[in-house]
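Beneath this line is the structure, given in structure tokens, with notes to follow.
None of the values given here were measured: they were computed from a predicted structure.
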Amino acid sequence: MAAESSSSMDTGESSVQVGRKQPQNAAAAARVIVQQNRQFLDFFWDIAKPEQDVRLAATENLIKYLKSSEKEDELKYTFKRLVEGLAATREAARPGFSLALAQVLQSFEEIPLSKVLEHISEKHNLARMNKKVLRNAAFGNFFGVLALFQSGRLAKDPKVLLQCVQILQALAQYKEHLKDLPRKTLVDILSEIPESLFEEVLFGVLHADLTSAFKSPEQLHLLLVGMQKFPGVLKPKKLKKLLGNSVITTRENIPKLVELLKTAAKSVKKDRCLPGVALDVLRISLQEETFDLFWREAVENGLLKDQSGPCMYMCFRLLGASLPLLDGKQLQTVLRSEVMQQYGAHVVSTQPADRFKFAPEMETYMDSFLEHCTNPENQLAVLIGFTKLTNQGYPVIPCVWKVIRHLQPGALQSYIDWLKNMFISPDLDSCLEFRTRRQMQNQEQQQPSENVVFRLRKWIIPRLTSIIENPQVKRDEDQVMDIARFIFFHAFFEAKKSVSDIPETESLVTVPLDDRTRTLVADAFFSLLLNLNCMPLLGEGSATETLKEKHVVGVTADGRLWILCMVLYANTVLTRGKAVKAIKPFNQEQKEAWDRMLQYVEILQKKSKRAHDMELSAYQQLLLLVGIHLFKTPEESVDLLNDIHNCLEKSQSKKLKKAQNKEGTQEPEWVEVMVEILLSLFSQPSRLFRLVSRNVFKKICPYVTKNALHLILNVLDPDEDQDEESAVIVTDEKEKKNTSDEQEGDEESSSDDGSSDEDDEAEDGKKNSSDEEDFNESVNDVFRKQLMQVLQDGSAVEGDNVDEDVDDETMMALDENLSALFAEQKKRIQAKKDEKARIRGEKILRREFKTKVLDLIEVFVKKQPDSPLVFNIIEPLISVIEQSMSSDSNQQEQDFLRKTADIFMNGLCKAKRYCKDVGELKEELHCMMERLVTKACKQSDSSVALYCFSASLYLLKVLKGSGIDQPEEGTKKQRKSNASPQQVPCLGCLDLQRATTVYQESLNSFLIKRKSPLTVSMFIDLFNRFPFMCRPLLDIIVKSVKDGARPHQQGQACILLLKALQIPSLKQTLSVTQWTDLLKDSVDRVKETLEAVTEIKVKVDQEKVIKCFELLSFLIKTVTQQKLDISLTELPPVLEALSQIEKFGKSVRLEDMYWNVMKLLGYTRPQKEKVKPAPDAAAQPVNPLKKKKGFLPETKKRKNRKKAGQGEPKSDEAEIKLETPEDQDTKPKKKKKKNKRKKSGQQGREKSGNSAEGPPSKRAKSSTENTNKGGKLTAAENKQKKKKTKGKNS
């Protein structure tokens, strides 16, 4: 592309010289480039930056620029800069320049690689470099060769290839700098070149390295890569000539291989990866059919015996990396080896948190293997092999392992069958059992076989359920139903003989299932029901895809509920009494309830098919769920089923219900009974129960009565908890679920549904710990009396006869009585603690239950916002909020409060839909509004007052909008445009006088009370939402601007008045005269308020004046813009008088607001002139030697005494004669202090007459100096002298 110019080249080659020809011309060209093209040079700066994205972008832009510019000098400069940058001192710059050089060489193929390599060798010649730059030069050579290799052109130029290999061989000796990078690059080069080029060019050069393959891991790796890449060159005969043996993995070479692998393992300790040489040795052993020898001798008896971390992790990595390379027999060898046992011990052993754990890396190997393996048998063999790795019967791999998502359908079905067979007939002998080092050290006895079987079955059940729960697993409906039937059958039944229509009876259980196992399986089944109820459709097809788009869940492809399929299967099992035995058989009542449930479900199913009613589907789901719980809790489920049947019958027969209402019977409504049922289901520790109950409540919301709603609200009532026990029993099964985990104490963990409860218990425990400590430390008076009585009965305390000996029988009796007394006291203390723990636990469960019941309130508010029953929710929710605000602030309480407040504000008060027909409730709603406003005024917390005030505004909106249809957008705009200022708004059922009185009282309370819970934002919200309420309240606000109780209330009145006047709709409700009078009155009130200000002492006065200025600024703007007939001439004198008050100008904000108002009145703010203060020469003597920061003063500098002495008079008298008063003032401070010290010393000697300071010559000199200077001391010097003499005497 770039042609060589005639000045730099004599031949006709179309190439670019990058050598050292004409360096002067090259330097001159470089200077020209530096001076001319800044954009071009920025590319090289970006290439050296540490950010990889920036480097890549700069390289790409550089190549584009060079291709577009076609300038030879810029291309030359590019190679010069890139070659120099190969040896940069910054680590990030070197690979950046290397990659850029490779890309440029790849883009400009006409540039010969030989010239570039020659330039690299000359620029970074190792022979000419000293020790300081040797490291950088070595990196320059290495990255230069790497750039030539990455350009992809190295295989096309054999001569350059040979030179590059020789350079890499030479760089191998600089291990302290380059480590094994040259050898790795050499291996990469071998993997990219053809076999013929290797044989012709490189074989001779690499002969020495290949011969000494067993000396270092890098050389061995080079040989192994050559054997795999060039089998035609490195034949067995040639290998025998090189190594003396035609096979690598021989018994004689095993020790050498082990040592090399150990060295390689330790070299990658920080990288945590498998060295390439280890994987290549594994592959060569497979090619040479010596894998068993390699694995047994080199891995198990060699690396694994080393017991060091790097060697052990290399064995684990070889295990994971070998899986895709092995056949079925070799897989069994690996999966049953000692390496697997060591891996299991590593996973199970308790390790510190910062210790390296290999399990995630092994999961990565397994995931990759299963994803790319196309042989289902190998997939199954590996998965079963890892499952059989057990510790005391419990498998090492997690029961929820994500790698099974890659299993093919055949392998998945075989794996499910294997798990089921292991559950029915546990084959412990086939498992690869291991023991940890700690277990062997402690010499633990082997657990009984029953416990080992229990641990294995405990793992299998969640493994089966995880296959259903994981949506990434490719399972079908038959597999899901197969697993669900298997778990259900073994939870509640056992087979006596085989039946064709029940596949679970085909194989009998060899080890009987105990109660622990059945309880575990039953819990797993009901947990599985929840997942089935929420599971999307399985399978493929147009109909299935259509239903998936509609988010249909919990049904099969034919539209049946999953839970219905399970109920039908359970009914089939119940009818086979001769072949199947129930663990807990039904009695007659339970059997009748079961049959009645099936009949009613069938009726509902027929109705739902005709009407496609989701309401019937919800009822059907509720019946099925309670019905299948007959197997777990039969007594409770029977009562629930009877109540549900009665409710459904009454809900379907509306005529009968109306007749009963006319007769006035006292029987409760069906919906009330249904609500009680749903509340009891909400108290169960089952998410599926709550989910189904919520769906059923959505369907019965239109039929909810006042009594039914009160049943829900009574649960939330805080007074109910204090007065009496709740009617609903809240159950907790966490202790039952965790008993097995506590007995085991192993590494597996169960699902933790109550983690938040435990946290709350911990928080409550912290709060009560101090009380318990006080209780333990304090001595009970009753216990003290009992103790004294025991001691007296034993004659241990008898006044003066304390020292009298007591016989042994008396002492023994006394000991027995004391031990009995203390044991009884200990029991009392423990009972007290247990009682506190029970109360605390009940409190937590009760709060949990209330949080769940809030879901029903939320559903009702969303589904029935226009129902008049919504008004019955307001006050109970406020009571809940008020109680929660004053109670404990643990996390559970905060969540409950947050959820309640969200439902109240967002679901209720801010709802767009509300009840329109409240004519009959008019009086009741007005009374409630009055109660809420009064309650808001009496609160001590502003946040609770906000909820009360917001509820009153909601009622105000309902009363105003009662009987009014919401107009369309066009109608609204028409009314707005046609509305006249005098038009009275439509108030519906609202009694304006009554509402006005209520809010006037609250406003008066706000503007009078010192600490009112009401805030400005509450009344601003009232004004914005209901502008017609502004007019009757404005009089109070305007009066309070002047007549407020305190300065703070006056400021609040100013803010309220300002916000009210800024409401656009306020002006529309007033005539022009009324609007003008309002503004005039407001101006007068503000003026009177400012006139009354005589001093500004505290911040409250200052804030009041600022708020008055804000209001006054708005009033002046409004009067000016609307050109109203309001006089403002009286304001300037008042403001000017205010500005003369003391401390007025100290607040910048106050002064700014003052001048904003004055500017609106036509006054200009005077500019302050900055006047520099004139220096007083007499008061402040000028010091010319001003110390500059960062420099020594002249007095601190060392002077040349000889030079200074030549031009100075020798006698002191001559020196004094030459001094002037100005010179004395300008003398250095150090000399002044020295003279003062001499003066004070002389005066002290004159007074004392006996001084030991200094030799006589110094005394004489000081006396002469003092005499020459006048012999008298100034007042300042006298003071200084007195201080010094006092200090010396002390």
- Do any N or O atoms from the side chain of T263 and from the backbone of S216 form a donor-acceptor pair under 3.5 angstrom? no

- Is it true that a side-chain atom of N301 and a backbone atom of R296 form a donor plus acceptor pair closer than 3.5 Å? yes

- Message: Restricting to non-hydrogen atoms, name the atom on I248 and the atom on E288 that form the minimum distance, rounded to 0.1 Å.
- Response: N-OE2, 3.0 Å

- Message: Taking the side chain as everything from C-beta on, heavy atoms only, tell me whether C431 gets closer than 4.5 Å to M422.
- Response: yes

- Query: Just how far is it from atom CG of L186 to atom CD of Q219, taken to the nearest 0.5 Å?
  - Reply: 10.5 Å

- Message: Which label fits W418 and Y415: parallel for a plane angle under 30°, tilted from 30 to 60°, or perpendicular past 60°?
- Response: parallel

- Task: Go through the steps to decide whether T249 and T290 satisfy the test side chain to side chain donor-acceptor pair (under 3.5 Å), and finish with yes or no.
- Result: CA-CA 7 Å; T249 52; T290 56; 2.3 Å; yes

- Query: Would you call D180-K184 a salt bridge at under 4.0 Å N-O?
  - Reply: yes

- Task: Indicate yes or no: at least one non-hydrogen side-chain atom of L286 is less than 4.5 angstrom from one of L326.
- Result: yes

- Query: With a distance cut-off below 6.0 Å to the six-membered ring centre and an angular limit of 45° from the axis, does K235 pair with F230 as a cation-pi contact?
  - Reply: no

- Message: For D188 and S191: C-alpha separation, side-chain torsions, deciding distance, then whether side chain to side chain donor-acceptor pair (under 3.5 Å) applies.
- Response: CA-CA 5 Å; D188 294 338; S191 62; 4.7 Å; no

- Message: Any side-chain to backbone donor/acceptor pair from Q330 onto D327? Under 3.5 Å, distance only.
- Response: yes

- Message: Checking the side chain of R183 only, and the main-chain atoms of P217 only, is there a donor and an acceptor separated by less than 3.5 Å?
- Response: no

- Query: Can you tell if the side chain of F198 reaches within under 4.5 Å of the side chain of L206, non-hydrogen atoms only?
  - Reply: yes

- Item | Aromatic F139 / basic R94 pairing, under 6.0 angstrom, 45° off normal | yes

- Query: Can you check whether I120's main-chain N or O pairs, donor with acceptor, with H124's side chain at less than 3.5 Å?
  - Reply: no

- Task: For A321 and L279, work out which heavy atoms get closest and say how close.
- Result: CB-CD1, 4.0 Å

- Do F214 and L223 come close enough that some side-chain heavy atom pair is under 4.5 Å? no

- Just do the side chain to side chain donor-acceptor pair (under 3.5 Å) check on Q413 and D417 with the steps written out, would you? CA-CA 6 Å; Q413 185 60 50; D417 295 339; 3.1 Å; yes

- Measure the CD-CG distance between E60 and L62 for me, rounded to the nearest 0.5 Å. 11.0 Å

- Task: Could you go through the side chain to side chain donor-acceptor pair (under 3.5 Å) check for E252 and N245 one step at a time?
- Result: CA-CA 10 Å; E252 294 79 11; N245 199 330; 4.8 Å; no

- Note on the structure: So CG of L105 and CD of Q150: to nearest 0.5 Å the spacing works out to 11.0 Å

- With a 4.5 Å heavy-atom cut-off, do K80 and E84 have their side chains touching? yes

- Other residues, nucleotides, ligands: >12 heavy atoms within 6.0 Å of K159 NZ: no

- Message: Between S107 (side chain only) and V104 (backbone N and O only), is there a donor and an acceptor less than 3.5 Å apart?
- Response: no

- Query: Looking at K229 and E195, does any basic side-chain N land under 4.0 Å from a carboxylate oxygen?
  - Reply: no

- Message: Working to the nearest 0.5 angstrom, can you tell me the gap between K237 NZ and S246 OG?
- Response: 11.0 Å

- For Q166, does the CD atom sit with more than 12 other heavy atoms under 6.0 Å from it, leaving out its own atoms? yes

- Answer yes or no: are there more than 12 heavy-atom neighbours, outside E91 itself, under 6.0 Å from its atom CD? no

- Query: Is there a side chain to side chain contact (heavy atoms under 4.5 Å, CB included) between W295 and L318 once you walk through the steps?
  - Reply: CA-CA 10 Å; W295 191 262; L318 280 173; 4.2 Å; yes

- Item | Main-chain N/O of K402 paired with R405 side-chain donor or acceptor, under 3.5 Å | yes

- What one should report as the nearest heavy-atom pair of V334 and M340 is O-CG, 3.4 Å

- Message: Tell me if a side-chain donor or acceptor on S267 pairs with a main-chain N or O of A264 at a distance below 3.5 Å.
- Response: yes

- Donor-acceptor side-chain pairing of Q106 and S151 below 3.5 angstrom: no

- Take E371 and D367, measure what side chain to side chain contact (heavy atoms under 4.5 Å, CB included) needs, and give me the verdict at the end. CA-CA 6 Å; E371 183 179 4; D367 192 79; 4.1 Å; yes

- Looking at side-chain heavy atoms only, is the closest gap between I467 and N470 below 4.5 Å? no

- Query: Is there a donor-acceptor pair under 3.5 Å between the side chain of H177 and the backbone N or O of L171?
  - Reply: no

- Go through the steps to decide whether R463 and I397 satisfy the test side chain to side chain contact (heavy atoms under 4.5 Å, CB included), and finish with yes or no. CA-CA 10 Å; R463 166 54 106 190; I397 62 174; 3.8 Å; yes

- Task: With the side chain counted from C-beta on, respond yes when Y313 and Y343 share a heavy-atom pair under 4.5 Å apart, and no when they do not.
- Result: no

- Message: To check you understand the geometry: which heavy-atom pair defines the closest contact between L303 and C315, and what is its length?
- Response: CB-SG, 3.5 Å

- Task: Might you point out which heavy atoms bring K262 and G302 nearest each other, and give the distance in Å?
- Result: CE-O, 4.1 Å

- Item | S349 backbone acceptor or donor facing R438 side chain under 3.5 Å | no

- Item | From CG (L197) to CG (D157), nearest 0.5 Å | 10.0 Å

- Using a 4.5 Å cut-off on heavy atoms from C-beta on, say whether the side chain of V277 contacts that of E218. no

- Message: How close do I47 and A100 get, counting heavy atoms only, and between which atoms?
- Response: CD1-CB, 3.8 Å

- Carboxylate-amine/guanidinium contact R55 E51, below 4.0 Å: no

- How long is the span from the NE2 atom in H221 to the CG atom in L260, to the nearest 0.5 Å? 12.5 Å

- Task: Would you mind checking if K388 and D427 are paired as a salt bridge, meaning a charged N to carboxylate O distance below 4.0 Å?
- Result: no

- Task: Take L234 and F203 through the side chain to side chain contact (heavy atoms under 4.5 Å, CB included) test and state the conclusion after the steps.
- Result: CA-CA 10 Å; L234 296 176; F203 183 73; 3.6 Å; yes

- Message: Could you check whether atom NZ of K357 has more than 12 heavy atoms from other residues, nucleotides or ligands sitting under 6.0 Å from it?
- Response: yes

